[in-house]
A.B. asks: 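Okay, handing you the structure first.
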Amino acid sequence: MKTPFVTKEQIEEIVKKYPTPFHIYDEKGIRENARKLKQAFAWNKGYKEFFAVKATPNPFIINILKEEGCGVDCASMQELLMAEACGMKEGDIMFSSNETPEGEFTKCRQLGGYINLDDITLVDFLEKECGVPETIFCRFNPGGVYNVSNGIMDNPGDAKYGMTRPQIAEAFKRLKELGAKNFGIHAFLCSGAVSNDYYPMLAGDLFKLAVELKEETGVDVKYINLSGGVGIPYRPDQEGCDILKIGEGVRKKYQEIIEPAGMEVAIFTELGRFMLAPFGHLIVKAIHEKHTYKEYIGVDACAANLMRPAMYGAYHHLTVLGKENEPKDHVYDVVGNLCENNDKFAIDRELPKIDMGDYICIHDTGAHGFSMGYNYNGMLRSKELLLHSDGSVQLIRRAETAKDYFATFDFCDVMKKVL
Ligand SMILES: *Cc1c(COP(=O)(O)O)cnc(C)c1O
């Protein structure tokens with residue numbers, strides 16, 4: 001059972017000022033969840049969450065998380081600029097980029113962010129560009145298949161990220177020669193892991209690696225960055241993670257591995273999905289119905305507003321607002337207006353009878369939702385709204401206009417008409 005954080009009555013009020021489609025975020029849910037995460041790792045002195053900006057790059061959202069003590073994880077110049085605009089200070093930014101273009105490490109250093117090197121070749125690239133800072137992270141990739149528990153796994157051996165075991169040792173030695181004093185290890189080995197075992201298992205592996213690397217290279221590992229990857233239950237029959245149990249699981253590994261080695265490390269996380277996905281909905285309106293070889297409901301948004309179903313075949317739960325208790329005795333494809341047959345928010349979904357004008361809540365769009373948006377077919381990105389804890393609603397990004405879409409032709413006379 002999945003219950004939207006907004007009711008039909010609330011949406012009917014909201015659309016008077018802000019017509020569909022829009023992404024709406026639940027401030028109360030975001031804050032409560034962030035507090036629980038903090039509580040889960042309160043046992044670790046230096047613990048900090050660096051919210052993965054790419055999940056929901058909106059300054060209003062980032063500010064809420066900042067108030068809850070989070071920093072940000074960035075991977076591009078624009079994300080660094082967003083962090084700067086949000087007032088992120090020294091130690092608030094983790095820069096976990098890959099194939100990093102020139103200039104971005106420099107920017108990160110200017111902002112006092114932590115640099116996380118994805119590859120050994122970046123050691124000299126960094127040294128040449130802006131020098132090696134005192135504190136430096138390296139990203140580890142053990143290769144092979146990462147098997148967490150009952151079917152939850154991922155494939156680091158196929159992933160472009162991180163250094164091999166010999167490379168990370170080599171990188172640490174070289175970085176030490178170049179003046180680095182404090183070292184961090186980062187790894188992201190399983191994406192969307194709806195399991196209480198992923199972080200403890202990863203932490204165990206990285207703690208062991210930290211102890212080994214200390215012996216092998218003499219460096220002082222001060223940080224373990226567990227990155228993102230904690231999943232959420234997109235399906236109504238799925239059980240979510242228990243972040244308090246996850247925190248306890250990591251603590252056990254810490255006591256088993258780090259404490260006996262006489263070490264002390266701060267734990268960092270870079271969660272995106274876990275921080276935001278459940279606290280965002282894409283609200284759309286049914287505007288057409290089509291009865292051909294299948295039953296279609298056309299809505300006023302498309303994959304340009306939420307790409308995950310088209311891109312990964314991802315499941316997003318739908319609730320027809322106001323019909324929560326009606327029998328699900330119809331089977332629909334709920335589709336957008338792209339000229340692309342993968343533009344389907346749901347396929348063969350059992351739903352109550354949908355009437356034109358019904359509002360449909362697409363669940364769990366708070367992370368990797370709006371942000372994956374694009375402009376194919378000349379589609380425009382929607383507005384974003386914030387539902388405050390007191391029930392009021394704030395526009396936190398306006399919808400794109402045709403002018404925005406054509407803005408990159410501003411040098412071009414023939415486009416003046418539409419600018
Ligand atoms: C995408 C990403 C994250 C966040 O991943 P989630 O699955 O949203 O938790 C964290 N760190 C890095 C380096 C990433 O690329």
Side-chain angles (χ1 to χ4, degrees), residues 25 30 33-34 36-37 40-41 48-58 61-62 65 70-80 82-83 92-100 104-105 108 113-119 122 136-141 146 148 152-156 158-163 184-196 198-199 202-203 206 223-234 240-241 243 246-247 250 267-280 306-308 311-312 314 316 364-372:
Y25 304 95
I30 295 169
N33 187 61
K36 221 164 147 192
L37 170 71
F41 287 94
K48 194 175 172 87
E49 153 71 5
F50 297 79
F51 173 63
V53 169
K54 75 168 189 271
T56 324
N58 186 304
I61 299 290
I62 291 168
L65 292 170
C70 302
V72 285
D73 162 43
C74 302
S76 69
M77 182 59 91
Q78 283 61 247
E79 290 183 348
L80 286 171
M82 174 79 81
D92 292 337
I93 301 170
M94 175 64 58
F95 191 53
S96 294
S97 61
N98 64 95
E99 311 310 331
T100 312
E104 297 188 357
F105 286 142
C108 179
Y114 296 112
I115 291 174
N116 181 15
L117 298 178
D118 180 70
D119 187 56
L122 292 175
I136 190 81
F137 285 68
C138 287
R139 185 167 184 164
F140 174 56
N141 182 337
Y146 206 65
V148 179
I152 293 169
M153 51 173 273
D154 214 328
N155 215 338
D158 267 349
K160 66 172 175 167
Y161 311 107
M163 307 181 195
I185 304 173
H186 169 283
F188 191 161
L189 305 185
C190 188
S191 183
V194 190
S195 159
N196 294 336
Y198 169 55
Y199 259 10
L202 175 66
L206 296 185
Y223 307 92
I224 295 291
N225 185 341
L226 301 177
S227 190
V230 176
I232 62 125
Y234 284 101
C241 297
I243 197 67
I246 291 176
V250 174
I267 312 259
F268 287 175
T269 54
E270 298 172 339
L271 295 165
R273 194 182 314 276
F274 180 81
M275 301 308 286
L276 250 300
F279 312 112
L306 176 67
M307 197 190 205
R308 298 186 70 258
M311 190 163 172
Y312 314 115
H316 278 267
D364 301 317
T365 65
H368 313 297
F370 176 94
S371 60
M372 276 189 179

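Computation of the quantities below employed the complete heavy-atom set of this structure, encompassing side-chain atoms and omitting hydrogens, waters and symmetry-equivalent molecules. Atoms within a ligand are numbered from 1 in the order they appear, just like the ligands themselves. Numbering of residues begins at 1 and proceeds along the displayed sequence.
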A.B. asks: Could you go through ligand 1 and list every pair where one of its N or O atoms sits under 3.5 Å from a protein N or O, giving the atom names and the distance to one decimal?
C.D. replies:
residue  : atom   : partner : partner atom : Å
ligand 1 : 8 (O)  : R273    : N            : 2.7
ligand 1 : 8 (O)  : H368    : NE2          : 2.7
ligand 1 : 9 (O)  : G229    : N            : 3.0
ligand 1 : 9 (O)  : G272    : N            : 3.1
ligand 1 : 11 (N) : D73     : OD2          : 3.1
ligand 1 : 11 (N) : S227    : OG           : 3.1
ligand 1 : 11 (N) : E270    : OE1          : 2.7
ligand 1 : 15 (O) : K54     : NZ           : 2.7

A.B. asks: Quick one: do the R308 and H316 side chains pair a donor with an acceptor below 3.5 Å?
C.D. replies: yes
A.B. asks: For the pair F50 and F268, evaluate ring-ring contact (aromatic ring centres under 6.0 Å, His included) and give the outcome as yes or no after the intermediate values.
C.D. replies: CA-CA 7 Å; F50 297 79; F268 287 175; 4.7 Å; yes
A.B. asks: Taking salt bridge (Lys or Arg N to Asp or Glu O under 4.0 Å) as the definition, give me every residue that meets it alongside K54, ordered by chain and number, with sequence neighbours left out.
C.D. replies: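 For K54 there are no salt bridge (Lys or Arg N to Asp or Glu O under 4.0 Å) partners, ignoring immediate neighbours.
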A.B. asks: Kindly write out the residues that satisfy ring-ring contact (aromatic ring centres under 6.0 Å, His included) with Y198, not counting sequence neighbours, or none if the list is empty.
C.D. replies: none
A.B. asks: D92: what forms a salt bridge (Lys or Arg N to Asp or Glu O under 4.0 Å) with it, not counting sequence neighbours?
C.D. replies: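 Partners of D92 under the salt bridge (Lys or Arg N to Asp or Glu O under 4.0 Å) test: K48.
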A.B. asks: Does Y114 reach the side chain of Y223, with side-chain heavy atoms less than 4.5 Å apart?
C.D. replies: yes
